[in-house]
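For clarity, every value in this text was computed on a predicted model and none was experimentally measured.
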Amino acid sequence: MIEKSITIQLSGGLEARPVAMLVQVASQHESSIYIEAEGKKVNAKSIMGMMSLALGIGETVKVIADGDDEKMALNDIEDYLSGKNSSAD
């Protein structure tokens, strides 16, 4: 299991479309991936869970990945949240 704090740098934060994209990125990996913010921990592969966090630009979250491809999963999530691989930004 690995974890990393990441600051959201998507211009609109994580609203409906960016959340759907994030869930797609997470779902490409076999690892369990969780996002933790403000005392809540949700499955990054769950649209409803991610929407419940209502995250905005500049907020910092903890990403936790556990599984065979955890490093790649964490890197892909970090790239998306930092705006490096974002078509929704």
Side-chain angles (χ1 to χ4, degrees):
M1 180 174 77
I2 57 174
E3 57 185 62
K4 185 171 187 175
S5 292
I6 299 170
T7 301
I8 298 169
Q9 296 175 9
L10 298 172
S11 62
L14 284 178
E15 295 181 5
R17 185 168 166 235
V19 164
M21 294 293 294
L22 175 62
V23 169
Q24 278 189 335
V25 171
S27 295
Q28 294 173 5
H29 300 282
E30 290 184 27
S31 295
S32 297
I33 306 167
Y34 293 91
I35 307 285
E36 192 174 291
E38 298 176 8
K40 288 176 77 175
K41 181 178 176 182
V42 301
N43 184 340
K45 298 178 184 181
S46 165
I47 290 177
M48 294 307 291
M50 289 302 305
M51 289 296 293
S52 74
L53 292 178
L55 298 168
I57 188 169
E59 291 189 60
T60 300
V61 298
K62 184 191 302 182
V63 179
I64 304 158
D66 187 20
D68 291 339
D69 62 351
E70 61 191 23
K71 288 182 182 177
M72 184 183 297
L74 188 72
N75 287 338
D76 287 351
I77 297 290
E78 180 178 24
D79 284 352
Y80 182 74
L81 291 178
S82 65
K84 293 177 187 169
N85 279 343
S86 168
S87 61
D89 191 23

Taking C-beta and beyond as the side chain, do [X] and [Y] meet within less than 4.5 Å on heavy atoms?
X     : Y     : value
Ile47 : Met51 : yes
Leu55 : Val61 : yes
His29 : Met72 : yes
Leu14 : Leu53 : no
Val42 : Ser52 : yes
Met50 : Leu22 : yes

Contact summary for [X] and [Y], nearest pair of heavy atoms:
X     : Y     : value
Ser31 : Ala73 : CB-CB, 4.5 Å
Ile33 : Ala26 : CD1-O, 3.6 Å
Asp69 : Glu30 : OD2-N, 3.1 Å
Leu10 : Gly83 : CD2-CA, 4.1 Å

Once rounded to the nearest 0.5 Å, what's the spacing between atom OG of Ser46 and atom CD1 of Ile35? 11.5 Å
Between CD1 on residue Ile6 and CD on residue Gln9, distance to nearest 0.5 Å: 10.0 Å
Going by atom types alone, do Thr7 and Thr60 pair a side-chain donor with an acceptor below 3.5 Å? yes
Run through the side-chain heavy atoms of Ile, Leu, Val, Met, Phe, Trp and Tyr, join any pair under 4.5 Å, and report what else lands in Ile57's cluster. none
Within the side chain of Tyr80, is there an N or O that forms a donor-acceptor pair under 3.5 Å with the backbone of Asn75? no
Residue list, side-chain contact (heavy atoms from CB on, under 4.5 Å) with Met1, at least two apart or on another chain: Glu3, Ile64, Asp66
Is Gln28 atom CD crowded by more than 12 heavy atoms from other residues, nucleotides or ligands, each under 6.0 Å away? yes
Step-by-step side-chain contact (heavy atoms from CB on, under 4.5 Å) determination, Val63 to Tyr34: CA-CA 6 Å; Val63 179; Tyr34 293 91; over 6 Å; no
Show your working on side-chain contact (heavy atoms from CB on, under 4.5 Å) between Lys62 and Lys41 and close with a plain yes or no. CA-CA 9 Å; Lys62 184 191 302 182; Lys41 181 178 176 182; over 6 Å; no
